[in-house]
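One structure below.
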Amino acid sequence: MTNARQLVWFRSDLRTLDHPALYQARQQGEVLAAFVITPAQWQQHGWGALKTAFVLHNLAALQQQLQTLNIPLKILQLQTFAETPAALLQLAQQHQVSNLLFNDEYEWNEQQRDQQVEQVFLSSGIAVQRFTDQLLLPPGSLLTGKGEAYSVFTPFWRRWLQALPTAKLHPLPEPQPQHPGQLTTDPLPVLPQHPALHLWPAGQAAALQRLQDFSGQRLMAYQQQRDFPALDGTSSLSPWLAVGALSVRQCLAAALHVSHGQISDKNTGPGCWVSELVWREFYRNLLLAFPRLSRGRTFKPETERLPWRSLNNSKVQRDLQAWQSGQTGFPLVDAAMRQLLATGWMHNRLRMLTAMFLSKHLLIDWRVGEAFFMQHLVDGDLASNNGGWQWAASTGTDAVPYFRLFNPYSQSQKFDPQGDFIRNWLPELAHLDHKAIHQPPVDKMDLFGSSNYPQPIVDLKMARDRVMAAFESLRSSP
DNA sequence: TCCCCGTTGAC
DNA sequence: TCAACGGGG
Ligand SMILES: Cc1cc2nc3c(=O)[nH]c(=O)nc-3n(C[C@H](O)[C@H](O)[C@H](O)COP(=O)(O)OP(=O)(O)OC[C@H]3O[C@@H](n4cnc5c(N)ncnc54)[C@H](O)[C@@H]3O)c2cc1C
């Protein structure tokens, strides 16, 4: 048994630290690692160039780290998930593997793929071992009184807090190096470049460094600072969490460390931050329990009938393009969209604002915005992105009530009071003071060079009335 | 993880 | 004229 060869299939868990499948495999025998590149599938999932590049650069970092452990990495270059089971099995048989080990993923297509992989391996006499990795607590371990998945966050959070003290959540160490074997590591594909990639250094070492930097003053002040996009109030760890260069247990351990092992509510910096990790957890559980979410359906069935404005209409097309390019005439919305385009990341407060602006004020189908985010985000993640969009569009479970509309000007005054964030991303408005910048006066004569900043593309009162009416129409009609 | 609008009462 | 507040969406 100890010499039996173990195949560890890496997916969205590109690290060697705290890796359940890798750690267990190393205990069981000689480890061979594999990664499957499926560009056509990734494209179908709406990944953008930046996210794809980030994944591949993290793969390169993983390869290096595995080399220090004498673990060879095989790379299968395919197109889709459909080809994966056969190709992976061939690899396994070629190298006389006795066990396949991998960490679970929760999206529908990924689940289907993994089920097929498991079947072909089992019927070829290769054992399959699956591990919980992305979730702190295994799915299904937290259920409502009725034995169902939670669809409301607050009770989920309460149960989660109850379960925390007895859960085994210590990060696993990196496995010991193994004796060098005969198998060789495959060459990497050419690594794509992207202008924003330098903002997101690949690999677990960079991720841990950021976690460390965050886990002091900033974590303590998180609850006070996290809503102000001009501050460095949040961790910016989402890209590494999304590709698994960092584990959620490593994050939790850091938070527990600064809060002396205790998290009892979300009224402290660490407690509040952990509650955000649990939101991630909540959305992953939802995606697993409700497969329709992976297939573009709304959580609330009646909201499928919302009368979104048609993209065949050229005015609607122009509104969409204005939103996408940061030219809506609402400064904080535009600054946020330009942050997304330039960096591949956007502050949470602004994701909520821009998502609500598109789906509510412009009354454009949230799925269009969801796809656009996925195309540009470096941390693009189906569960969290879909969860966030359905939250903002009020089509989700435990979403914002449809009438609780953000006003882009009030949000701007509240959360960017000095206008620093706007000034940073909209140079054409940089001359305006903290009072004027939220709602710039018309600069007809181009005295300040801001005449090319657009006028608001929509009247807020009209937009508000329109979206309220749209939601209210759901009640009366069948 | 909200905003709007009408009312009230102090000036 | 304006802050404070409550109801409603
Ligand atoms: C419309 C919309 C789309 C979103 N799309 C994504 C996405 O594609 N990928 C993604 O990772 N997050 C997404 N989020 C959630 C959230 O905005 C980001 O996780 C967060 O902004 C990342 O920044 P951070 O790492 O500094 O977060 P921190 O505040 O430091 O939080 C720590 C971690 O907790 C998790 N987290 C925080 N807030 C949330 C949340 N509201 N929901 C789920 N997880 C959360 C993230 O993994 C994050 O890295 C979306 C939110 C909205 C409203």
Side-chain angles (χ1 to χ4, degrees), chain A residues 150-158 160-161 221-231 233-235 238 265-283 286 299-300 302-303 305-307 328 330-333 336 346-363 366 369 373 383-417 421 435 438-439 456 458-477:
Chain A
Y150 282 95
S151 55
V152 182
F153 179 74
T154 304
F156 179 79
W157 165 243
R158 282 205 208 99
W160 191 91
L161 278 179
Y222 180 75
Q223 200 194 7
Q224 287 83 31
Q225 311 229 43
R226 67 181 176 133
D227 263 324
F228 300 95
L231 308 179
T234 71
S235 70
S238 49
D265 54 59
K266 49 174 119 164
N267 300 325
T268 63
C272 185
W273 194 60
V274 167
S275 82
E276 296 299 334
L277 297 176
V278 175
W279 268 103
R280 173 178 172 280
E281 194 99 346
F282 176 67
Y283 284 138
L286 272 184
F299 187 91
K300 289 190 194 138
E302 72 276 16
T303 59
R305 293 186 285 111
L306 280 166
T328 66
F330 294 91
L332 190 56
V333 172
M346 194 196 287
H347 189 278
N348 180 245
R349 168 65 43 188
L350 303 176
R351 296 191 203 206
M352 296 192 290
L353 175 64
T354 54
M356 198 176 287
F357 186 81
L358 184 79
S359 58
K360 301 279 177 63
H361 291 100
L362 298 183
L363 202 65
W366 59 274
F373 267 33
S384 298
N385 194 35
N386 185 274
W389 275 94
Q390 295 223 44
W391 179 88
S394 304
T395 60
T397 178
D398 208 8
V400 64
Y402 71 89
F403 47 78
R404 204 173 284 177
L405 218 56
F406 289 4
N407 178 313
Y409 296 136
S410 340
Q411 289 284 307
S412 189
Q413 278 153 359
K414 266 198 218 168
F415 299 113
D416 190 26
F421 184 84
K435 287 199 181 115
H438 307 288
Q439 188 172 356
V458 70
D459 177 73
L460 289 182
K461 171 142 173 47
M462 180 282 291
R464 186 184 167 85
D465 293 346
R466 179 171 65 184
V467 69
M468 297 277 191
F471 273 89
E472 272 149 28
S473 77
L474 297 180
R475 283 196 256 165
S476 43
S477 61

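Keep in mind that the numbers below use all heavy atoms, side chains included, and drop hydrogens, waters and symmetry copies. In the text below, chain A, chain B and the rest are named by the order of the sequence lines, each starting its count at 1.
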Atom pair distance, as rounded to whole Å: [atom1] in [X] and [atom2] in [N]:
{"X": "Glu472(A)", "N": "dG9(C)", "atom1": "CD", "atom2": "P", "result": "7 Å"}
{"X": "Phe357(A)", "N": "dC3(B)", "atom1": "CZ", "atom2": "C1'", "result": "16 Å"}
{"X": "Phe471(A)", "N": "dG9(C)", "atom1": "CZ", "atom2": "P", "result": "16 Å"}
{"X": "Leu405(A)", "N": "dC3(B)", "atom1": "CG", "atom2": "P", "result": "9 Å"}
{"X": "Arg475(A)", "N": "dG9(C)", "atom1": "CZ", "atom2": "P", "result": "7 Å"}
{"X": "Met352(A)", "N": "dC2(B)", "atom1": "CE", "atom2": "P", "result": "8 Å"}
{"X": "His361(A)", "N": "dC3(B)", "atom1": "NE2", "atom2": "P", "result": "9 Å"}
{"X": "Met468(A)", "N": "dC4(B)", "atom1": "CE", "atom2": "C1'", "result": "8 Å"}

Side-chain heavy-atom pair Asn386(A), Tyr283(A) within 4.5 angstrom cut-off: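 When only atoms from C-beta onward are counted, Tyr283(A) and Asn386(A) do not touch, as no gap falls below 4.5 Å.
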Pro408(A) and its side chain to side chain contact (heavy atoms under 4.5 Å, CB included) partner, picked from Leu332(A), Val458(A), Leu460(A):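 Exactly one pass, corresponding to Leu460(A).
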Touch class at under 4.0 angstrom, heavy-atom based, for Trp279(A) against every strand present: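 Here Trp279(A) touches the bases of the nucleic acid.
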Touch class at under 4.0 angstrom, heavy-atom based, for Tyr402(A) against every strand present: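 Sugar-phosphate, no base atom in range.
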Phosphate-side-chain proximity, Asn407(A) and dC2(B), N/O vs OP1/OP2 below 4.0 Å: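 Asn407(A) to dC2(B) OP1/OP2: no side-chain N or O under 4.0 Å.
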Presence of Arg464(A) side-chain N/O under 4.0 Å of dC4(B) phosphate oxygens OP1/OP2: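 No, Arg464(A) has no side-chain N/O under 4.0 Å of OP1/OP2 on dC4(B).
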Between Ser394(A) and Lys300(A), a side-chain donor and acceptor under 3.5 Å: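 Judged by distance alone, the side chains do not pair up.
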Geometric class of the Trp157(A)/Trp160(A) ring pair [parallel <30°, tilted 30-60°, perpendicular >60°]: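 Aromatic pair Trp160(A)/Trp157(A) classed parallel.
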Tyr409(A) and Phe330(A) aromatic ring geometry - parallel, tilted or perpendicular at 30°/60° bounds: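 The arrangement is tilted - the two ring planes meet at 30° to 60°.
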Arg351(A) CZ to Phe373(A) CZ distance, which is reported to the nearest 0.5 Å: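 Going from CZ on Arg351(A) over to CZ on Phe373(A), the span is 7.0 Å.
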Spatial distance of atom OG1 (Thr303(A)) from atom CD (Gln390(A)) [nearest 0.5 Å]: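 The OG1 atom of Thr303(A) sits 7.0 Å away from the CD atom of Gln390(A).
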Contact residues, residues 409-417 of chain A to DNA chain B [heavy atom, < 4.0 Å]: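 Close to the strand are Ser410(A), Gln411(A), Lys414(A).
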base_contact_polar (dT1(B) base, Arg349(A) side chain, donor-acceptor, <3.5 Å):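 Donor-acceptor pair under 3.5 Å: yes.
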